[in-house]
Amino acid sequence: MTETIDFSEHPINRAWDAAGKIELFRLMVRIRRFEQKALWSYSSGRMGGWLILGVGQESVATAVRSLLGPLDHSISGPRGIAHALAAGMEMGPCMAEHFGRVNGCSKGKGGAFSYFDPGRHHWGCHGVAAAQTPLAAGLAFALKQREIPGAVVCFLGDGAVNQGVFHESLNLAGLFDLPVVYLIENNGYAMGTSVARSSRFKDCLARRAETYGIDWDRCGDRDIYQLRVRVWTALERARRERRPTVLEVETYRYYGFSVSDANHKRYRSAEEIEVRKARDPLAHWRAHLTATGLIDETSADWIDAEAKAEAAAALEFAEAGIAPAVSDILRDVYWEVDHDTPASRFGRYFFDD
């Protein structure tokens, strides 16, 4: 008989106060309402470009963020809205970036793949599969070289684990004992291809870490307490032992790979989607908070209403912005040119004639 572990009794969760638990719920709701408002904006013709949603996966980003400290860093792949908002980035500039407006977080020049906030130690979304994994190794290398007791959390999808650069990054992380946590958000589908069809290691993607002498673990996204314990263990290994971890979290996205994924109900059944929605981590956490008396239904509804209002205000902020001018095309390329440093006066930076 398998023993059931009560992860809420782990020291890291026993020390987690009511305010922190409620804040995690608020953040999950804010992320979902932002993404749903963005989807509505795209569907109604207000927004163009890429829009890659993670509705259903909110517990992963928020649980991780609840454990990160001021010396830690994060970086993500293309499904990065949740990670950016969890890092503290504001809804308005994030929405405006999707609209390509100058009041966006990257001045409207990058859209979905430009959610960067160095001040909050969040190093952005990266559109190419696994492109963020060597960058995470570099960040971790810098922490180790500078003897900063922090960790880097690198979020990636199940499709990224088959990319060569991910394995190169694991080799370096294992070779140099880098303080990095590679967190695989396994939602079952790399674009439109299931893990069962695309990976030889079907049952556990994280087990590939064994090849590089790296510790690995896996868990689901529904039990927030368990998720926090798994993440905390990996973070402490990075901070204290300066060793990497590969952590796989089973999760699920309710929409397609992106808004242009019109076939997402063909490569997976509608029944599958509905079954997974019935296990929604956000609804589960809300039910837990109300059952334990930390909030009541009225308070939960109020948090939801606030998130909807904030998302609506973010849309207004985005639509009030203007597009970058043609003259902006050569700005934000070279630091030297933008700040007129002595180095900018030597050599040639642009070849636009």
Side-chain angles (χ1 to χ4, degrees), residues 23 25-58 61-62 65 74-127 253-261 282 301-335 337-339:
E23 181 56 32
F25 171 67
R26 178 178 287 108
L27 185 53
M28 288 178 71
V29 174
R30 289 179 62 241
I31 292 168
R32 180 161 299 187
R33 295 312 182 195
F34 176 92
E35 293 202 335
Q36 289 175 332
K37 179 58 73 172
L39 176 60
W40 178 84
S41 301
Y42 192 98
S43 301
S44 61
R46 289 172 167 80
M47 178 195 297
W50 287 92
L51 180 59
I52 300 179
L53 304 173
V55 177
Q57 300 185 196
E58 298 90 350
T62 53
R65 183 55 55 176
S74 60
I75 189 169
S76 71
R79 202 174 310 281
I81 293 175
H83 308 127
L85 294 180
M89 294 184 68
E90 298 176 4
M91 280 193 189
C94 287
M95 187 73 79
E97 188 62 30
H98 273 293
F99 276 71
R101 306 295 169 83
V102 294
N103 54 347
C105 56
S106 290
K107 302 181 182 180
K109 293 185 173 183
F113 305 137
S114 293
Y115 279 22
F116 287 81
D117 195 330
R120 292 184 170 91
H121 290 182
H122 182 63
W123 299 97
C125 312
H126 297 267
R253 55 173 166 83
Y254 300 153
Y255 297 107
F257 174 79
S258 72
V259 290
S260 61
D261 184 4
L282 195 161
D301 288 342
W302 177 250
I303 289 173
D304 189 37
E306 282 187 321
K308 288 180 179 178
E310 185 183 5
L315 176 58
E316 292 182 3
F317 178 84
E319 293 188 314
I322 60 174
V326 174
S327 59
D328 290 329
I329 197 168
L330 299 183
R331 296 191 179 96
D332 305 304
V333 179
Y334 294 106
W335 172 270
V337 174
D338 288 344
H339 295 82

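- For the pair Phe34 and Cys94, the tightest heavy-atom approach, listed with the atom from each and the gap, is CZ-CB, 3.9 Å.
- By the side-chain hydrogen bond (donor to acceptor under 3.5 Å, both in side chains) test, Arg253 pairs with Tyr267, sequence neighbours left out.
- A donor-acceptor pair is defined here as one N or O able to donate and one able to accept, closer than 3.5 Å; such a pair exists between the side chain of Arg120 and the backbone of Gly88.
- Residues Met91 and Lys37 are not in side-chain contact: their nearest non-hydrogen atoms beyond the backbone lie 4.5 Å or more apart.
- Pro78 is not listed as a side-chain neighbour of Trp50, based on a closest heavy-atom distance of 4.5 Å or more.
- At most 12 heavy atoms of other shown residues, nucleotides or ligands fall within 6.0 angstrom of atom CD1 in Ile329.
- The two residues Ser41 and Ser44 make their nearest non-hydrogen contact at O-OG, 3.1 Å.
- Atom CD of Glu23 has more than 12 neighbouring heavy atoms from other residues, nucleotides or ligands inside a 6.0 Å radius.
- With sequence neighbours left out, Tyr254 forms a side-chain hydrogen bond (donor to acceptor under 3.5 Å, both in side chains) with Asp280.
- Under the 30°/60° scheme for interplanar angles, the aromatic rings of Phe116 and His126 are found to stand perpendicular.
- For Trp40, there are no side-chain hydrogen bond (donor to acceptor under 3.5 Å, both in side chains) partners at least two apart in sequence or on another chain.
- At a threshold of 4.5 Å between non-hydrogen side-chain atoms, the residues Trp123 and Ser74 do not count as touching.
- A donor-acceptor pair is defined here as one N or O able to donate and one able to accept, closer than 3.5 Å; no such pair exists between the side chain of Glu58 and the backbone of Val29.
- Sorted by first then second residue, the ring-ring contact (aromatic ring centres under 6.0 Å, His included) pairs that include residues 76-96, not counting sequence neighbours, are His83-Phe155.
- Closest of all the heavy-atom pairs between Thr62 and Ile31 is CG2-CD1, 3.7 Å.
- Formation of a donor-acceptor pair under 3.5 Å by the Arg79 side chain with backbone atoms of Phe257 is found in this model.
- In this structure, Ile52 and Ile81 have side chains that are not in contact, with every pair of non-hydrogen atoms separated by 4.5 Å or more.
- Pairing each heavy atom of Ser114 with each of Cys105, the nearest pair is O-SG, 3.4 Å.
- The shortest non-hydrogen separation linking Leu27 to Ala86 is CD2-CA, 3.7 Å.
- For Arg32 and Glu35, the salt-bridge test fails: no basic side-chain N is under 4.0 Å from an acidic carboxylate O.
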Side-chain donor-acceptor distances from residues 312-328 under 3.5 Å, at least two apart:
residue, atom, partner, partner atom, Å
Glu319, OE2, Arg46, NE, 3.2
Asp328, OD1, Arg331, NH1, 2.5
Asp328, OD2, Ala325, N, 2.9

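- With sequence neighbours left out, the ring pair (Phe, Tyr, Trp, His ring centres under 6.0 Å) criterion links Tyr115 to His98.
- Within a 6.0 Å sphere centred on NZ of Lys107, heavy atoms belonging to other residues, nucleotides or ligands number 12 at most.
- Using a distance-only test at 3.5 Å, with no hydrogens or angles considered, a donor-acceptor pair links the side chain of Glu97 to the main chain of Lys109.
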